[in-house]
Amino acid sequence: MPELAEVEQSRRIWNVGLGEKVLEVIVPRPQDRVFRGVAVSHLQHGFTGKVFLDSETRGKQMLFRFGRRGKVWLGLHLGMAGALRTEPGLLEIRKHDLLVLRQARRYLVFSDRRHLGRVLFHQGETPPAWWTRLPPPILSDAFDRDAVAAFLGRRKGAPLKAVMLMQERFPGIGNWMADEILWRSHLHPAIRGRSLSNRQITTLHRTTRQVCAAAIGAMNENWEYPETWLFAHRWEDGGRCPRCHSGLKRAIIGGRRTCWCPKCQPVKR
DNA sequence: GTGCTTGTTGGCCA
DNA sequence: GTGGCCAACAAGCA
């Protein structure tokens, strides 16, 4: 589930614990692959006794800052099925709970049903390199039309669907957002980057920003989107295009399940 | 049992 | 070296 908007929503779930100290770090499965490359003992020592200061997201990455003067950093990636939650009172550890920060009045829990997520840790005055080296966010000035055009030029042989999923240029875009953007841009997901006109590149750039900007506010409490979005119809059998009511098509494109409207997104335009 | 899955990575090949 | 493709990772679900 976690793409840009869901990651942002997830990050905020832990906000209830802001300004409060971590009393204990619980790692039920220290050998789990989400900790690959991280010494779990450092994690435990690092956060115990530190105050939860703030957090932010970039694309699908989350960064949480702890310590009086911001010295300890926790990075989380939700992978395919990661989730954050808080639990008041006594915590009953569930099967896929991987990292638990205990505070006086609640537990902050990271769980991951499929264990494809990632936990990162850093101690130091400044944010870690794995954070500062992330590509420029889609809603930043650095994500301009020229950057998109250059990237499409380089990835000229790959289907648009695959290009949209490349985090190095489209950080935060996942499977459903890629389909949503291509649908709104009237671009078939299997088109190769090389065959886009200048006007189509402009449209793709603009639409990418629009969908990212709208996604966070448009999501309801069940993590769903309005009926006018392709999102609301893409998984249902017999789903229809919310714009022209044609039957939607689904196939594997760029190695991923893809949904598009054959009428709004013809192969040739 | 089979065949999927909202993500990422590394190996293979052209 | 670069880019495209795909299996693997792990677990749940239909």
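No experiment lies behind these values; they were computed from the predicted model shown. Below, chains carry the letters A, B, ... as their sequence lines are ordered, and counting in each starts from 1.
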Taking only side-chain nitrogens and oxygens of [X], does any of them come within less than 4.0 Å of OP1 or OP2 of [N]?
| X | N | value |
| --- | --- | --- |
| A:Arg154 | C:dG3 | yes |
| A:Lys156 | C:dG4 | no |
| A:Arg113 | C:dG12 | no |

Could you state the [atom1]-[atom2] distance from [X] to [N], rounded to the nearest angstrom?
| X | N | atom1 | atom2 | result |
| --- | --- | --- | --- | --- |
| A:Arg257 | C:dC6 | CZ | C1' | 16 Å |
| A:Met166 | C:dC6 | CE | C1' | 13 Å |
| A:Arg36 | C:dA8 | CZ | P | 17 Å |
| A:Arg114 | C:dA8 | CZ | C1' | 12 Å |
| A:Arg192 | C:dG3 | CZ | C1' | 12 Å |
| A:Met80 | C:dA11 | CE | P | 14 Å |
| A:Trp130 | B:dT8 | CH2 | P | 15 Å |

Quiz item: Any donor-acceptor pair under 3.5 Å joining the side chain of A:Arg118 to the base of B:dT8?
Solution: no
Self-check item: A:Phe170 vs A:Phe143, ring pair (Phe, Tyr, Trp, His ring centres under 6.0 Å): CA-CA, chis, key distance, verdict
Solution: CA-CA 9 Å; A:Phe170 298 95; A:Phe143 184 84; 5.8 Å; yes
Are [X] and [Y] close enough for a salt bridge, meaning some N to O gap below 4.0 Å?
| X | Y | value |
| --- | --- | --- |
| A:Glu87 | A:Arg106 | no |
| A:Glu8 | A:Lys60 | no |
| A:Asp179 | A:Arg256 | no |

Exercise. Identify whether any heavy atom of A:Gly255 sits under 4.0 Å from a base atom; if not, whether one sits that close to sugar-phosphate; answer base, sugar-phosphate or nothing.
Key: nothing
Quiz prompt | Transitive ILVMFWY side-chain link A:Trp260 to A:Trp183, under 4.5 Å | solution = no
Quiz item: Taking only Watson-Crick and G-U wobble pairs with both distances under 3.5 Å, what dot-bracket line describes DNA chain C, where [ ] shows pairs that cross earlier ones and | shows pairs with another strand?
Solution: .||||||||.||||
Exercise. Output the single nucleotide from C:dG4, C:dA11, C:dG3 whose closest atom is nearest the side chain of A:Ala158.
Key: C:dG4
Practice problem: Output the single nucleotide from B:dG7, B:dT5, C:dG12 whose closest atom is nearest the side chain of A:Ile252. | Solution: B:dT5
Self-check item: Nearest heavy atoms of A:Gln167 and A:Gly172, plus distance in Å
Solution: OE1-N, 2.9 Å
